[in-house]
Amino acid sequence: MNLSILIPLLNEEESLQELYTWIIKVMQSHNYSYEIIFVDDGSTDNSWTIIEGFSNENPNVKGIRFMKNFGKSQALHAGFAKAKGDVIITMDADLQDSPDEIPELYEMITAQKYDLVSGWKKKRYDSVVAKNLPSKLFNWAARKTSGVELNDFNCGLKAYKNVVVKNIEVSGEMHRYIPVLAKNAGFGKIGEKVVIHQARKYGETKFGMERFINGFLDLITIWFLSRFGKRPMHLFGAMGSIMFIIGFLSAGYIGVSKLYHLYNGMKYTLVTNNPWFYIALTTMILGTQLFLAGFLGEIILRTKHNEERYKIAREVNF
């Protein structure tokens with residue numbers, strides 16, 4: 001199978017018919033073998049009914065319905081697990097991503113041998129203050145932190161080799177950083193393509209300004225996980241040991257200094273009246289706690305089991 005088109009959605013009943021017709025037109029004009037996987041992330045409108053209608057008339061249309069809203073990352077994870085195409089294309093359901101971009105994305109994966117190609121909405125129709133400027137700042141920080149040179153991490157229009165999506169774990173709100181996850185998994189050929197950004201035609205955006213705050217927090221998380229996710233003791237254990245040793249040596253110096261003053265009949269102050277004693281004590285306590293955090297992290301990594309992050313209510317055509 002050439003293509004799997006994966007579309008996560010939430011309350012997009014107004015745009016689904018137009019999107020579906022557009023995708024089918026592109027598939028037929030290029031004679032692709034394909035599947036379209038709609039993942040309904042807990043919609044409360046008629047989105048699922050419409051998806052069932054598509055699946056009844058076209059066996060290439062498949063659907064997954066979550067029991068409630070679990071988030072875009074979980075929707076992508078569920079779709080990636082089911083996708084069978086040689087190339088997987090992800091796109092949003094709000095018609096802001098153009099299906100006409102699919103053939104070029106497909107060629108970049110198959111002919112130019114990219115592992116992953118991310119869309120870049122160079123010209124946007126969003127609010128400059130509310131979205132464009134925060135997005136530029138966010139993408140700059142993501143580039144500097146991750147080392148992945150992309151201009152638009154947030155673009156939902158991306159293309160992947162099948163092997164890539166089968167070897168990355170998308171959880172929480174990490175869908176923004178799939179290129180980083182892919183790089184950390186060993187897929188180094190990551191490209192970018194300028195794509196058309198269309199103004200939203202129906203409904204309202206499901207994401208507000210909080211997504212940028214969450215995005216920066218997730219960026220810190222993925223930076224940590226990429227470096228110490230498999231070996232937390234290397235960070236917490238090292239920091240804890242250093243702090244404990246500094247505190248212990250400082251406390252030892254304070255004690256030896258008092259004994260020296262006593263032995264030579266010199267004036268001295270009580271150890272408990274010396275502020276450096278409390279600084280040394282606090283440093284040792286913090287060092288011990290950090291060491292234990294690293295130790296517990298290692299135990300959790302070795303005993304954890306994969307937890308179900310979402311619940312599927314229904315599936316069609318799988």
Side-chain angles (χ1 to χ4, degrees), residues 71 73 133-150 153-154 168-177 179-181 183-186 208-307 309:
S73 291
L133 290 179
S135 181
K136 288 181 183 297
L137 178 60
F138 165 80
N139 286 310
W140 174 83
R143 284 195 299 274
K144 295 300 181 183
T145 304
S146 67
V148 178
E149 294 297 322
L150 294 179
F153 284 82
N154 271 322
I168 56 175
E169 193 75 15
V170 188
S171 61
E173 293 189 24
M174 294 298 181
H175 57 273
R176 303 175 184 89
Y177 303 112
V180 183
L181 296 175
K183 178 190 173 186
N184 292 341
M209 283 293 293
E210 70 275 2
R211 75 168 179 165
F212 295 108
I213 299 173
N214 295 335
F216 281 115
L217 295 175
D218 289 335
L219 185 60
I220 295 171
T221 300
I222 205 167
W223 172 85
F224 173 80
L225 291 177
S226 66
R227 286 164 173 76
F228 305 105
K230 300 296 183 184
R231 51 189 194 281
M233 194 62 168
H234 288 197
L235 175 65
F236 293 111
M239 290 175 59
S241 297
I242 291 171
M243 290 187 71
F244 183 86
I245 291 171
I246 291 173
F248 182 80
L249 292 177
S250 298
Y253 173 77
I254 293 170
V256 169
S257 176
K258 178 179 179 179
L259 291 175
Y260 175 80
H261 281 76
L262 282 171
Y263 180 80
N264 291 284
M266 301 169 63
K267 185 179 179 180
Y268 66 90
T269 60
L270 293 174
V271 169
T272 53
N273 288 338
N274 189 336
W276 286 103
F277 170 75
Y278 295 100
I279 294 173
L281 187 62
T282 301
T283 304
M284 284 192 289
I285 293 172
L286 290 175
T288 303
Q289 290 178 330
L290 285 170
F291 185 88
L292 289 174
F295 184 69
L296 291 173
E298 293 283 347
I299 293 176
I300 291 170
L301 278 176
R302 284 161 175 71
T303 59
K304 76 169 185 175
H305 299 283
N306 290 329
E307 298 179 357
R309 298 190 299 271

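For F291, the side chain to side chain contact (heavy atoms under 4.5 Å, CB included) test picks out M233, S241, with sequence neighbours left out. With sequence neighbours excluded, the residues that form a side chain to side chain contact (heavy atoms under 4.5 Å, CB included) with K258 are L262, Y268, L270, V271. Residues passing the side chain to side chain contact (heavy atoms under 4.5 Å, CB included) test with T288 are F244, L292, sequence neighbours excluded. Scored by the side chain to side chain contact (heavy atoms under 4.5 Å, CB included) test, L150 finds S118, V148, F153, P179, I190, E192 as partners (sequence neighbours excluded).
A distance of 12.0 Å separates CG in L290 from CD1 in I285, rounded to the nearest 0.5 Å. The distance from atom CD of E149 to atom CG of N139, rounded to the nearest 0.5 Å, is 11.5 Å. Atoms CD and CE, on Q289 and M284 in that order, are 12.5 Å from each other to the nearest 0.5 Å. Atom OG1 in T283 sits 5.0 Å away from atom CE in M243 (nearest 0.5 Å).
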Please tabulate, one pair per line, all N/O donor-acceptor pairs under 3.5 Å involving side-chain atoms of residues 247-257, not counting sequence neighbours.
{"from": "S250", "atom 1": "OG", "to": "I246", "atom 2": "O", "distance (Å)": "2.8"}

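The nearest pair of heavy atoms linking S73 to M174 is OG-N, 3.0 Å.
The backbone N or O of W276 sits less than 3.5 Å from a side-chain atom of N274, completing a donor-acceptor pair.
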